[in-house]
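Scroll down for the structure; my scribbles are underneath it.
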Protein chains: 2
Amino acid sequence: MADKEQISYKLADIIPNLFTILTEDQKKLVEQTHQIQHFKKNEIVYCEGDIPKSMMCLIKGKIKIFKDGIGGRSQIIRMLKPVEYFAYRAYFANEPYVTAATAFESTTICLIPMEVIDNLIRINNDLAYFFVKELSIDLGIADGRTVSLTQKHIRGRLAEAILFLLENYGMEEDNVTLNIYLSREDLASLSNMTTSNAIRTLSIFASEGIISVDGRRIKILDDERLRRISKHG
Amino acid sequence: MADKEQISYKLADIIPNLFTILTEDQKKLVEQTHQIQHFKKNEIVYCEGDIPKSMMCLIKGKIKIFKDGIGGRSQIIRMLKPVEYFAYRAYFANEPYVTAATAFESTTICLIPMEVIDNLIRINNDLAYFFVKELSIDLGIADGRTVSLTQKHIRGRLAEAILFLLENYGMEEDNVTLNIYLSREDLASLSNMTTSNAIRTLSIFASEGIISVDGRRIKILDDERLRRISKHG
DNA sequence: AAATAATTATGTTATTTAACACCGAATATG
DNA sequence: CATATTCGGTGTTAAATAACATAATTATTT
């Protein structure tokens, strides 16, 4: 196997929620077949149209999953943090990927061949249940997002996006700065608007004292108001 | 058990794809615990906020699953035909329903208690795999829909909705009339626009010879052009 | 059958948002 | 170091769509 990091890690630490589900034999199989890969900032993890070969688990870093839309306008579908599993849906649906994934920052991923996962699922009920639950949660989120993105106005959508980033990635030590730095363009494709509108609306929020902006650093000053904007106009 | 239709039916005929997965014992369990229910046109099958108690399978009729959005504007998330399974996602995600479901027309549903399904899933891998696949397909559709609904223009969205109805419900015997009759309002909430815009755009399509409209009856005259509109503006 | 309500249709206006144009600053590149 | 190139910012215009008003038609109820 090409790259195993000199076995300087334990899978039980790296992918705990998956690993605790498996029997000793099954763990051994995963240990033998998995792979660790690193990605630099902006590197592509997989492309739309690729045939899914591995399930992936984000170990370190941040990843965005997005779809290319109309006229080069892309839409962020999901943003991952450690330790989240991804890239398996298309395999189960028996499709090529309908999304693409890139690393937001320097990132480490654990890959497990989909045939291995497929075989394990068929003999390990808890593993199957794990995926059922995972997919059920994601589908609920997707349905909610559809309504938000289509019905909320720009301010509401941007507020929601900022709050999502907060829930997902949390704050830095200062307790007010979002622990993720997005370009205005990414912020736009997360909240379904043009880049100009993301920029404009962001500075309006800042001028209203709801947030403060320093480059890509966003400080949340009035969490309460942000929630109100996200809910109602 | 209240209503079993005098056992004048066989579950193997009614829910074949589920039933073929089960062992004899498991079939017996489902036979003992299931229920058949009828719903009249516009009757509510379940509500947002309800605790999911049964998995459902649509045996006869048509059902819409929708979310109430902002300002009374609802959004159709999914439309079912026989024999499709539904109402189980929220249970697996451990949530109350985030959608509601109503019957489009006189409808028959088979209900199986979720605890029964949950137990079966934990002992029958093929059943678990069935749900994994089902959910994976639906999640892919949901992600695609999000982009369509947010990025396509009105004409594209309506064209897509009409084509979806065609794929899903097919034609009547005449081979041109859609085999489902939606109110303009439902058509609007399927394609994310106001009712007026659905009405207007529909008559524009008719005036362009792409479709013809007779009340709620829609005939597709130029399938090719409809596809082009759905894809590009 | 009359009355009432819901649905469909059409025209007009207002709002929202995208598109475009331009600039300066920061960052990468040869 | 000079120069592209990307990124963030702002103002202006144009396009898409919602909101509103009103009326005709069709269903539903009394």
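Proteins get letters first, then strands, A, B, ... in listed order; numbering begins at 1 in each.
We find that CD1 of B:I70 is positioned 14 Å from P of C:dT16, with the value rounded to whole Å. If you measure from atom CD1 of B:I204 to atom P of D:dT17, you get 11 Å, rounded to the nearest angstrom. Across the protein-nucleic acid pair, B:L158 atom CG and D:dA16 atom C1' stand 15 Å apart, rounded to whole Å. Atom pair A:I199:CD1 and D:dG11:C1' shows a separation of 13 Å (rounding to whole Å applied). Summarising the geometry, the separation between NZ on A:K41 and P on C:dA28 is reported as 8 Å, rounded to the nearest angstrom. In this structure, B:L202 places its CG atom 13 Å from C1' of C:dT7, rounding to the nearest Å. The distance from atom CZ of A:R155 to atom P of C:dT15 is 16 Å, rounded to the nearest whole Å. The nearest whole Å value for the distance from the CZ atom in B:R184 to the C1' atom in C:dT8 is 7 Å.
In this structure, a donor-acceptor pair under 3.5 Å is present between the side chains of A:T99 and A:Y46. Using modelled atom types and a 3.5 Å distance limit, the side chains of B:S106 and B:K40 yield no donor-acceptor pair.
B:K152 places a side-chain N or O within donor-acceptor distance of the main-chain N or O of B:S230, the cut-off being under 3.5 Å. Formation of a donor-acceptor pair under 3.5 Å by the B:E167 side chain with backbone atoms of B:F164 is not found in this model. Proximity of a side-chain donor or acceptor of B:R157 to a complementary backbone N or O of B:N192 within less than 3.5 Å is detected.
Between C:dA9, D:dT10, D:dC7, one nucleotide has an atom nearer to the side chain of A:E185 than all others, and that is D:dC7.
The environment of B:I44 atom CD1 is sparse: at most 12 non-hydrogen atoms of other residues, nucleotides or ligands sit within 6.0 angstrom. The neighbour count for A:E172 CD, taken as heavy atoms of other residues, nucleotides or ligands under 6.0 Å away, is above 12.
Salt bridge annotation for A:R89-A:D138: absent, with no cationic side-chain nitrogen under 4.0 angstrom from a carboxylate oxygen.
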Can you name the atoms? Protein N/O to nucleotides 18-23 of chain C N/O, anything below 3.5 Å, with the distance.
{"from": "C:dA18", "atom 1": "OP2", "to": "A:N197", "atom 2": "ND2", "distance (Å)": "2.6"}

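Using a 4.0 Å cutoff on non-hydrogen atoms, no part of residues 205-221 of chain B comes near DNA chain D.
An OP1 or OP2 oxygen of D:dT10 is reached within less than 4.0 angstrom by a side-chain nitrogen or oxygen of A:S203.
Judged as a side-chain hydrogen bond (donor to acceptor under 3.5 Å, both in side chains), and not counting sequence neighbours, B:Y97 has no contacts.
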